[in-house]
Amino acid sequence: MTTDLLLLLLLLSSSRLALAAAFGVWINGAASSSPQSQEYEALQALKAAVVEDPRGALTSWQGPNVCAYRGVYCSAPPDDAAASGAVVAGIDLNRANLRGTLPAAVSLLAHLTFLHLNSNRLAGQPPDSLRDLQYLTELDLSNNLFSGPFPAAALLIPSLVYLDLRFNAFSGGIPAEAFAKSSLDALFLNNNQFDGEIPETLWSSPATVITLANNRLTGPVPSAYGYGGRVREVLFLNNKLTGCIPEELGFLPTIEVLDLSYNSLSGHLPPTLSCLAGIEVLNIAHNQFTGELPDLVCDLKRITNLSVSFNFFSGISQHCDRLAGRSVFDFVGNCVPGRGLQRPPPECDGGQGDGGLSCLRSIPVTRPVPCAQASVSVGVGVGVIVGGAMPSFGAGGVVTVTVP
């Protein structure tokens with residue numbers, strides 16, 4: 001064998017080894033299962049799914065060193081992972097104005113902990129393969145053009161803590177499982193096209209923040225039977241909700257922000273709202289509530305913003321007057337005699353929003369409710385059971401609030 005031939009063979013062998021190390025594949029075509037090759041494949045698939053990149057966010061996505069890609073964050077693998085060396089732990093392409101889709105190959109990023117893709121122009125349906133991202137804790141797909149039904153695969157991501165789907169075009173019903181996922185702490189579904197009724201599982205959610213605003217949701221606000229969760233903020237505003245505020249909402253132990261504005265809710269306010277000891281923002285504006293606004297609501301200790309504007313309230317108490325003097329209380333657009341910025345008398349005399357009888361609360365309760373000792377039990381049947389002096393009613397059954 002000549003010297004030149006030996007040199008050529010040595011060069012070919014070295015090239016094979018170098019390429020195998022760089023790309024994690026065998027030159028003979030047998031695919032490698034190494035994390036590096038899978039991550040490279042996933043990121044190149046994501047790049048290929050983008051048809052417009054006006055800001056050049058993906059121009060650095062070339063070559064095998066994926067940890068050098070802009071918007072890609074690497075770290076040591078999780079303790080229970082088989083990988084060694086750095087792995088892709090996160091992607092942040094927020095506000096890149098990318099147009100395209102989200103490919104199924106994203107699931108090859110097996111160690112991904114966060115995927116932030118907000119404020120782009122990604123369309124279509126998120127892939128079902130998202131369920132395979134076992135370490136993913138944050139999924140932000142907000143402010144895109146995604147459509148179709150609720151992406152149920154996201155609820156199968158075992159470690160998911162933060163799910164943000166707002167400002168898209170998702171439609172159809174919200175599955176009950178969205179509020180039953182034990183790991184979830186924040187759920188943002190606002191500004192989509194979701195419709196149908198809100199599942200009764202809402203109040204069993206472990207999430208501290210739930211936003212359902214600016215959708216097409218109908219039906220009643222779910223009753224909070226036996227709720228003991230940790231929700232702090234719930235936004236229902238600008239939907240098509242009807243019926244009354246359930247009395248059980250007064251027993252939400254940790255609520256700080258409750259926004260029911262811009263719906264078609266009616267009736268008198270339940271006295272149990274006075275039990276919301278930690279409430280800071282309560283907004284029921286632009287509904288059809290009637291009667292006199294009770295002292296119990298205006299006596300909430302931590303309230304910083306109470307808006308009841310553009311309803312049909314016919315009176316406010318002295319306690320509420322004191323709030324108005326501190327710019328905490330907004331009651332314009334109601335039917336309070338002798339007050340400015342109220343509805344014209346023909347609107348108030350027309351009986352708009354008179355849901356007192358339909359809510360079975362035609363006589364507001366003015367005495368304090370013993371919140372700490374109240375207990376809620378659910379019965380079956382149709383009718384009214386009164387425990388102590390305060391009746392409570394729930395759709396589809398009988399709810400007894402026992403007041404010692």
Side-chain angles (χ1 to χ4, degrees), residues 220-221 236-237 241-251 255 257-277 279-371 384 386 388-393 401 403:
V221 177
F236 295 101
L237 69 142
L241 302 178
T242 56
C244 314
I245 294 181
E247 294 197 1
E248 297 79 24
L249 257 62
F251 301 120
I255 194 78
V257 177
L258 179 60
D259 194 331
L260 294 158
S261 61
Y262 290 92
N263 282 286
S264 297
L265 300 170
S266 59
H268 295 295
L269 298 185
T272 52
L273 290 183
S274 65
C275 296
L276 298 175
I279 194 82
E280 298 176 6
V281 177
L282 177 60
N283 191 345
I284 58 170
H286 293 270
N287 279 286
Q288 299 174 13
F289 295 113
T290 57
E292 182 170 327
L293 193 66
D295 282 343
L296 297 174
V297 174
C298 293
D299 276 345
L300 293 166
K301 302 300 183 186
R302 296 184 60 186
I303 198 77
T304 60
N305 188 336
L306 173 60
S307 180
V308 302
S309 60
F310 295 97
N311 280 283
F312 292 86
F313 289 111
S314 55
I316 60 173
S317 67
Q318 292 182 349
H319 293 264
C320 296
D321 261 343
R322 288 199 294 269
L323 286 181
R326 292 170 24 215
S327 300
V328 172
F329 177 49
D330 179 12
F331 67 95
V332 302
N334 279 282
C335 298
V336 182
R339 300 300 182 102
L341 301 176
Q342 299 297 293
R343 292 180 182 272
E347 288 187 18
C348 297
D349 295 340
Q352 292 279 343
D354 187 5
L357 291 177
S358 65
C359 293
L360 299 177
R361 283 198 299 265
S362 57
I363 303 176
V365 176
T366 57
R367 74 178 182 86
V369 177
C371 306
V384 179
V386 180
M390 185 179 65
S392 177
F393 310 91
V401 179
V403 181

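- Sorted by first and then second residue, the side-chain hydrogen bond (donor to acceptor under 3.5 Å, both in side chains) pairs involving residues 328-339 (not counting sequence neighbours) are Asp321-Arg339.
- No side-chain heavy atom of Leu258 sits under 4.5 Å from any side-chain heavy atom of Asn283.
- Nearest heavy-atom pair across Gln342 and Phe331 is NE2-O, 3.3 Å.
- Residue pairs meeting the salt bridge (charged side-chain N to carboxylate O under 4.0 Å, His left out) criterion with at least one partner in residues 263-274, sequence neighbours excluded, are absent.
- Considering only residues two or more places apart in sequence or on other chains, Glu280 meets the side-chain hydrogen bond (donor to acceptor under 3.5 Å, both in side chains) condition with Arg302.
- For residues 306-317, the set of pairs meeting the salt bridge (charged side-chain N to carboxylate O under 4.0 Å, His left out) definition, not counting sequence neighbours, is empty.
- Residue pairs meeting the salt bridge (charged side-chain N to carboxylate O under 4.0 Å, His left out) criterion with at least one member in residues 304-319: none, sequence neighbours excluded.
- Counting only heavy atoms from C-beta outward, the side chains of Leu260 and Val221 approach each other to under 4.5 Å.
- Rounding to the nearest 0.5 Å places OG of Ser266 at 7.0 Å from CZ of Phe289.
- The shortest non-hydrogen separation linking Pro270 to Pro246 is CG-O, 4.2 Å.
- Pairing each heavy atom of His286 with each of Tyr262, the nearest pair is NE2-OH, 3.1 Å.
- Annotation: the span from Leu241 atom CG to Ser264 atom OG amounts to 8.5 Å, rounded to 0.5 Å.
- Side-chain contact between His268 and Thr290 is present, with heavy atoms from C-beta onward closer than 4.5 Å.
- Minimum heavy-atom separation, Asn287 to Asn311: C-OD1, 2.9 Å.
- Between the NZ atom of Lys301 and the CD1 atom of Ile279 there is a distance of 15.5 Å, given to the nearest 0.5 Å.
- The distance from the CG atom of Leu306 to the CG atom of Leu300 is 7.5 Å, given to the nearest 0.5 Å.
- From Glu247, atom CD reaches atom SG of Cys275 across 10.0 Å, with rounding to the nearest 0.5 Å.
- Note that CG of Asp349 is 11.0 Å distant from CZ of Phe312, once rounded to the nearest 0.5 Å.
- The two residues Ile303 and Val328 come nearest to each other via the heavy atoms O-CG1, 4.0 Å.
- Contact of the Phe251 side chain with the Leu276 side chain is not registered, since no non-hydrogen atoms from C-beta on lie closer than 4.5 Å.
- Contact record, Phe329 with Val308: CE1-CG2, 3.6 Å, taken as the closest heavy-atom pair.
- At distances below 3.5 Å, not a single donor-acceptor pair connects side-chain atoms of Asp299 with backbone N or O atoms of Val297.
- By the side-chain hydrogen bond (donor to acceptor under 3.5 Å, both in side chains) test, Asn305 is found to be paired with no residue, residues two or more places apart in sequence or in another chain being considered.
- A 4.5 Å side-chain heavy-atom check between Ile284 and Leu269 finds at least one atom pair inside the cut-off.
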